[in-house]
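To keep things clear, I will list the structure first and then write my remarks on it.
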Amino acid sequence: MYQEQQLGAFERAFHLQDEIIIENVHASFEDGVLTVILQKDPSKIKYPQEVPVS
């Protein structure tokens, strides 16, 4: 069995995109599974553009 960290506390940092609403970031740790919920601000999302090719 491979264990990434020794038993005890650990810390990890992430760089978030500009579209993420930092005030609405939620995380939970349950049964050994870390779940992180990141909400995007719809006004900052850049949607892909279609370019017609002929």
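Throughout, numbering of the chain's residues begins at 1 and tracks the sequence.
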Please report the closest heavy-atom contact between Lys44 and Glu19, naming both atoms and the distance. O-CG, 3.4 Å

Residues Lys40 and Ile45: closest non-hydrogen pair is CB-CD1, 4.0 Å

Does Ser43 have any side-chain hydrogen bond (donor to acceptor under 3.5 Å, both in side chains) partners at least two apart in sequence or in another chain, and if so, which? Asp41

Who pairs with Leu38 by side chain to side chain contact (heavy atoms under 4.5 Å, CB included), at least two apart in sequence or on another chain? Leu16, Ile20, Val25, Val36

